[in-house]
**Q** 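Structure provided below as structure tokens; questions to follow.
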Amino acid sequence: MNDPTYQFSHTITRRPAASAVNGLRAEDTGTPDLDQLMADHDAYVAALRATGAEVIVLPALEAYPDAHFVEDTALCLSGGAVVMRPGAPTRLGEAAEMAPELARHYSDLRRIEGPGFIEGGDILVTGREILVGRSARTDGAGVAELAGIVSDWGYALREVFTPEGVLHFKTDCSLLDPETVLVTPRLAASGCFEGYAQVFTAEGEEAAANAIRFNDVVLMAKGFPRTAETLDRKGYSVVEINNSECAKLDGGMSCLSLRFNPAL
Ligand code: GLY
């Protein structure tokens with residue numbers, strides 16, 4: 001194991017609560033089916049575990065309907081971790097719930113103190129930099145505070161912009177390897193990935209962009225056959241997970257885990 005951008009020994013997930021059916025969403029596309037949501041979460045955990053990683057499954061938090069989307073609560077890097085300050089008021093308390101688990105793995109654990117806001121879904125770590133997309137949940141002050149912290153650990157941070165109406169920066173992109181991203185044409189058009197190799201989602205399959213490269217596999221939501229075929233042709237080992245219920249809550253593959261390797 002030697003590439004911290006996609007080779008992970010550990011991952012933290014959280015069991016969805018029964019209250020997950022009341023989670024935030026931009027548009028009402030129907031109430032999530034809780035049994036299906038739980039089954040999909042089990043499949044997700046199993047797929048991560050199959051790569052050899054240690055998968056931690058934290059208990060559900062009924063008070064926080066979106067708490068299974070753990071990615072928004074923290075940023076895990078080589079050198080240290082940062083507890084985020086979510087911009088959604090109903091999610092603010094989730095970050096403090098994650099901190100004790102992170103403290104088990106990291107001796108250098110920092111916190112975004114505010115007044116700014118920042119969510120992990122807006123952060124993409126590549127082989128050369130940390131990209132942070134300003135969004136409705138992540139503001140300039142949050143980005144600036146994170147930039148100050150990660151510079152201590154030797155990271156360069158670049159602020160970019162999440163397209164209007166898109167929840168998070170990583171709703172529209174993911175890392176496939178240190179210099180290659182899977183990206184929607186609408187985000188690529190902003191120019192934020194100039195200099196990177198870019199693989200585009202197929203037309204009408206924009207929701208496929210929220211994938212994760214996790215060790216030897218690319219986990220992606222089921223139902224996007226042309227994008228899956230493109231990745232397969234490029235030599236990636238694709239694992240598809242049903243995401244129909246999380247999708248009703250604007251969630252995808254990256255949202256469901258914090259991925260890290262304390263040894264790197
Ligand atoms: N439902 C996920 C979010 O809006 O943060």
Side-chain angles (χ1 to χ4, degrees), residues 11-41 44-45 57-76 82-99 112 114 116-124 131-139 142-143 146 161-174 184 187 206-212 219-221 223 241-259:
T11 176
I12 302 172
T13 66
R14 188 182 289 287
R15 195 89 185 120
S19 62
V21 297
N22 301 317
L24 295 173
R25 67 209 76 177
E27 224 182 285
D28 188 2
T29 56
T31 305
D33 180 297
L34 190 60
D35 290 341
Q36 184 67 52
L37 184 70
M38 295 294 191
D40 295 344
H41 196 265
Y44 181 86
V45 166
V57 183
L58 298 175
L61 292 174
E62 288 297 338
Y64 297 104
D66 287 296
H68 52 124
F69 296 129
V70 289
E71 180 180 62
D72 293 316
T73 65
L75 175 64
C76 296
V82 186
V83 179
M84 296 285 114
R85 189 160 187 264
T90 59
R91 302 199 59 191
L92 201 50
E94 290 175 29
E97 295 281 353
M98 183 57 71
I112 300 292
F117 295 98
I118 182 163
E119 296 193 354
D122 282 315
I123 306 173
L124 183 77
L131 289 158
V132 187
R134 269 209 225 182
S135 71
R137 303 277 186 86
T138 292
D139 61 18
V143 179
L146 181 66
F161 292 88
T162 302
E164 191 73 30
V166 173
L167 175 59
H168 285 131
F169 184 61
K170 277 190 295 192
T171 303
D172 268 32
C173 66
S174 41
T184 61
L187 178 58
E206 288 73 15
N210 183 266
I212 53 172
L219 248 67
M220 63 177 287
I241 306 278
N242 185 63
N243 191 53
S244 56
E245 308 316 296
C246 273
K248 293 173 185 169
L249 302 166
D250 304 332
M253 294 295 108
S254 79
C255 317
L256 292 169
S257 58
L258 283 167
R259 305 161 292 278

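Heavy-atom basis, side chains included; hydrogens, waters and symmetry copies ignored. Numbers here are sequence positions counted from 1. When a ligand or atom number is given, it counts from 1 through the structure's own listing order.
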**Q** Which atoms of ligand 1 are found less than 4.0 Å from any heavy atom of L249?
**A**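 Here the atoms of ligand 1 in question are 1 (N), 2 (C).
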**Q** Nearest heavy-atom pair of A211 and S174: which atoms, and what distance?
**A**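 Closest pair (atom of A211, atom of S174, distance): O-CB, 3.1 Å.
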**Q** Below 4.0 angstrom from a heavy atom of R137, which ligand 1 atoms are there? Numbered from 1 as shown, please.
**A**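 Matching atoms, with element in brackets: 3 (C), 4 (O), 5 (O).
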**Q** Do L37 and C246 have side-chain heavy atoms sitting under 4.5 Å apart?
**A**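 Touching, per the 4.5 Å side-chain cut-off.
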**Q** Does any non-hydrogen side-chain atom of L187 lie less than 4.5 Å from one of E206?
**A**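 No, every pair of side-chain atoms sits at 4.5 Å or beyond.
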**Q** Would F69 count as being in polar contact with ligand 1, using the rule that some N or O on each side must be under 3.5 angstrom apart?
**A**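 Min N/O separation from ligand 1 is not below 3.5 Å for F69.
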**Q** Below 4.0 Å from any atom of ligand 1, is there a heavy atom belonging to R91?
**A**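 The answer is yes: ligand 1 sits under 4.0 Å from a heavy atom of R91.
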**Q** For D66, take its heavy atoms, then give the atoms of ligand 1 lying under 4.0 Å from any of them.
**A**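 Matching atoms, with element in brackets: 1 (N), 2 (C).
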**Q** Any salt bridge between E71 and K170, counting N to O under 4.0 Å?
**A**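 Salt bridge present between E71 and K170.
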**Q** Can any side-chain N or O of D122 pair as donor or acceptor with the backbone N or O of R134 at less than 3.5 Å?
**A**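 Checked: no pair found.
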